[in-house]
Amino acid sequence: VQLQAFGGGLVQAGGSLRLSCAASGRTFSSYVIGWFRQAPGKEREFVGVISRSGSGSYYADSVKGRFTISRDNAKNTVYLQMNSLKPEDTAVYYCAASPRGPLSLDIDRSDVANYDFWGQGTQVTVSS
């Protein structure tokens, strides 16, 4: 599966932004999709993950309650809705696909090694 993330941009603190991750391939619904981000000089950080059907998700503590992941398998697209943005949310955001499902499988979803396919990333900048 090939992934492409888009929708990033410049937003003021407190604002909202929605990222999209579009996928190619007819087996999109068989992948768990994760979102990660990477700020300059820092390691790639887990943001959240959504199950293959979209019925389940969980998030890093740093974004819990502010970010929401959803997916539309008919459109081969996953979304990351980001609200109440903070300057520390500034990063390049990546979506990634894992064939290791279901979401309840006992593996570390925050580990980049568990994702086989990555999008190219989209820049999000939050100004104070």
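What you are looking at is a predicted structure, and each value in this text was computed from that prediction instead of being measured.
Scanning all heavy atoms of the two residues, the minimum distance from Ala39 to Thr90 falls at CB-O, 3.7 Å.
Judged by the 6.0 Å distance and 45° axis criteria, Arg37 is not positioned over the aromatic ring of Tyr94. For the pair Arg44 and Phe36, the cation does not sit on the ring face, since its NZ or CZ is not both under 6.0 Å from the ring centre and inside 45° of the axis. For the pair Arg100 and Tyr31, the NZ or CZ position fails the cation-pi test of under 6.0 Å to the six-membered ring centre and within 45 degrees of the ring normal.
Each of Val32 and Ile50 belongs to its own hydrophobic cluster when Ile, Leu, Val, Met, Phe, Trp and Tyr are linked at side-chain heavy-atom distances under 4.5 angstrom. Val47 and Phe117 fall within a single hydrophobic cluster, where Ile, Leu, Val, Met, Phe, Trp and Tyr are joined by side-chain heavy atoms under 4.5 Å apart, directly or via other members. Note on Val63 and Leu85: same hydrophobic cluster, where clusters join Ile, Leu, Val, Met, Phe, Trp and Tyr whose side-chain heavy atoms are under 4.5 Å apart, directly or indirectly. When hydrophobic clusters are built by joining Ile, Leu, Val, Met, Phe, Trp and Tyr residues whose side-chain heavy atoms come closer than 4.5 Å, directly or via intermediates, Val49 is not grouped with Leu3.
Separating the CZ atom in Arg71 from the OG atom in Ser29 is a distance of 7.0 Å, to the nearest 0.5 Å. Atom CD of residue Gln123 and atom CG of residue Leu19 lie 10.5 Å apart, to the nearest 0.5 angstrom.
Between the Ser20 side chain and the Phe6 main chain, no donor and acceptor come within less than 3.5 Å of each other.
For the 3.5 Å distance criterion, the side chains of Asn83 and Ser16 qualify, holding a donor opposite an acceptor.
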- Query: Given Arg109 and Tyr58, is the side-chain contact (heavy atoms from CB on, under 4.5 Å) satisfied, shown in steps?
  - Reply: CA-CA 10 Å; Arg109 295 294 181 181; Tyr58 60 85; 2.7 Å; yes

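Here the two rings, on Tyr59 and Phe46, have centers that are 6.0 Å apart or farther.
Environment of CD in Glu88: crowded, with over 12 heavy atoms of neighbouring residues, nucleotides or ligands closer than 6.0 Å.
Under 4.0 Å is where a charged nitrogen must lie from a carboxylate oxygen, and between Lys64 and Asp61 at least one such pair does.
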